[in-house]
2 protein chains.
Amino acid sequence: MAQAGTVDRILDTAEVLFAQKGFAETSLRAITSKAGVNLAAVNYHFGSKEALIQAVFERFLTPFSAALGAKLDEMEATGTPDTPENVLGIVFRLALGTHPEDPQRAAIFFRLSGQAYSQPQGHLRDYLHTHYGAVFKRLQEHLQRAVPSVPPMELFWRVQFSLGAVIFTLSGMQSLQAISKADFNLDVSTADITRRLLPFLVGGIQADVPE
Amino acid sequence: MAQAGTVDRILDTAEVLFAQKGFAETSLRAITSKAGVNLAAVNYHFGSKEALIQAVFERFLTPFSAALGAKLDEMEATGTPDTPENVLGIVFRLALGTHPEDPQRAAIFFRLSGQAYSQPQGHLRDYLHTHYGAVFKRLQEHLQRAVPSVPPMELFWRVQFSLGAVIFTLSGMQSLQAISKADFNLDVSTADITRRLLPFLVGGIQADVPE
DNA sequence: GTATGTTTGAAACGTATGTTTTGAACACAG
DNA sequence: CTGTGTTCAAAACATACGTTTCAAACATAC
């Protein structure tokens, strides 16, 4: 991030600020001044603030979904069994490992996703669904084979529940860590939480379907 | 909502708009014009926009936490066993039943909570924790008795995960319903989803703790 | 009926935002 | 060197926001 070009400096800074304070609460002036570029640079390079937001997501999600697709290929090629642990484990290791040099990056990613989903009108949510829905669907098919007794419709919702648990928790980690510290006098890391998340999600996804 | 006083008309309108578009994206002018009151009325009656936001939450959460406390009293008095289903069932029935005349109200409640949690700096989150943390803690103690094999620290995080699943899902219901409709050609109601949520959460909360 | 405290209405204020403009600085091909 | 397209910098622009002001309308008690 030291001496990159203007475009990357903007993206790097915007990514952090958006994750920290949300889209509406982050002004272009805050971004450009912290990035050390001119105010007009955003509109020049991206066209608008909204296009900047999309660019931030694109830079994040495109490599991620590509890596996820590759991992699924590998899984199919080696004949790794479709268990909830295996499938979810891939996603988690990927989310935490895409940028090993910066462990905070994973938290930023989830916090951004949280911001995207609570966005007015579900605007960005739809964008994500249309651009990265394919890999997502493939992931869900593997999960379906892992828990064949759960009807597809039911599984769809359980995946949404899981997404909620992950995104919500990691996007609010800052406050939660403070509460945890106060109540239990214990520090927790992002990796800690994902380790706790896995059994919770597996338990929920393969729970018995009522009636 | 027809001919209530100025204060209530503001609260009614703000509640809906905040849930729909978020706090920052909802202007006082949007609220007051839709509510049919003067722009200055908000600052006159509440002092500031932020105080308005708090007032909206207070009107929502105070009766809710009181009802929750009463239900827990009743549970203890009648000796109802502490099972995950019983404890979580109380919360869900309460959230869905506090305003039976308006089924959308529950969705608004969760959407508001979602907005609160993704708020910059966790400002509101802390307010909620200090004002309604007591009932929350009591609820967690009942849950702890329901799953004594899960360590308290682990349970704390599982409750957070559950909160995430609930809030995230119901706060994004609008988009999710559209996706569900497109993928499965099925409509879903808020009650539908909470019915699906219960076994998922129970499965996650009482999952085995690794190593 | 008058006086007093409360609520409303219309307008203005100050500020912060996203965006646009204009011209200088720069890179590089002819 | 010259010309052309790209990038940057400073300033200004238009707009939307939360808030404040101040007088009019209202309600209530004396």
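To find a chain, count down the sequence lines: A is the first, B the second, and so on, and within it residues start at 1.
Residues satisfying the side chain to side chain contact (heavy atoms under 4.5 Å, CB included) criterion with A/Phe136, sequence neighbours excluded, are A/Gln140, A/Val159, A/Gln160, A/Leu163. Take B/Arg59 and apply the salt bridge (Lys or Arg N to Asp or Glu O under 4.0 Å) test, not counting sequence neighbours, and it matches B/Asp12, B/Glu15. Looking at residues two or more places apart in sequence or on another chain, you find a side-chain hydrogen bond (donor to acceptor under 3.5 Å, both in side chains) between A/Arg138 and A/Asp73, A/Glu76. The side-chain hydrogen bond (donor to acceptor under 3.5 Å, both in side chains) test applied to A/Thr62 returns A/Tyr132, not counting sequence neighbours. Take A/Ala207 and apply the side chain to side chain contact (heavy atoms under 4.5 Å, CB included) test, not counting sequence neighbours, and it matches A/Arg158. The side-chain hydrogen bond (donor to acceptor under 3.5 Å, both in side chains) search around A/Arg29 returns none, not counting sequence neighbours. In this structure, the side-chain hydrogen bond (donor to acceptor under 3.5 Å, both in side chains) partners of B/Asn86, at least two apart in sequence or on a different chain, are B/Thr83. When the salt bridge (Lys or Arg N to Asp or Glu O under 4.0 Å) test is applied to A/Glu154, the partners found at least two apart in sequence or on another chain are B/Arg196. Under the side chain to side chain contact (heavy atoms under 4.5 Å, CB included) criterion, A/Thr6 pairs with A/Ile10, A/Val37, A/Ala41, A/His45, sequence neighbours left out.
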Its dot-bracket string being built from Watson-Crick and G-U pairs below 3.5 Å, with | for another strand and [ ] for crossing, DNA chain D has the pattern ||||||||||||||||||||||||||||||
Please enumerate all protein N or O atoms sitting under 3.5 Å from an N or O of nucleotides 8-18 of chain C, with distances to 0.1 Å.
unit_1: C/dT8; atom_1: OP1; unit_2: B/Thr6; atom_2: OG1; d: 2.2
unit_1: C/dT8; atom_1: OP2; unit_2: B/His45; atom_2: NE2; d: 2.5
unit_1: C/dA10; atom_1: N7; unit_2: B/Asn38; atom_2: ND2; d: 3.4
unit_1: C/dT17; atom_1: OP1; unit_2: A/Ser27; atom_2: OG; d: 3.4
unit_1: C/dG18; atom_1: OP1; unit_2: A/Lys49; atom_2: NZ; d: 2.8
unit_1: C/dG18; atom_1: OP2; unit_2: A/Leu28; atom_2: N; d: 2.8
unit_1: C/dG18; atom_1: N7; unit_2: A/Arg29; atom_2: NH1; d: 2.8
unit_1: C/dG18; atom_1: O6; unit_2: A/Arg29; atom_2: NH2; d: 2.9

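Heavy atoms of other residues, nucleotides or ligands lying less than 6.0 angstrom from CD of A/Glu85 number more than 12.
Where DNA chain D meets chain B (any atom under 4.0 Å from a heavy atom), the bounding nucleotides read 5' to 3' are D/dC17 to D/dT21.
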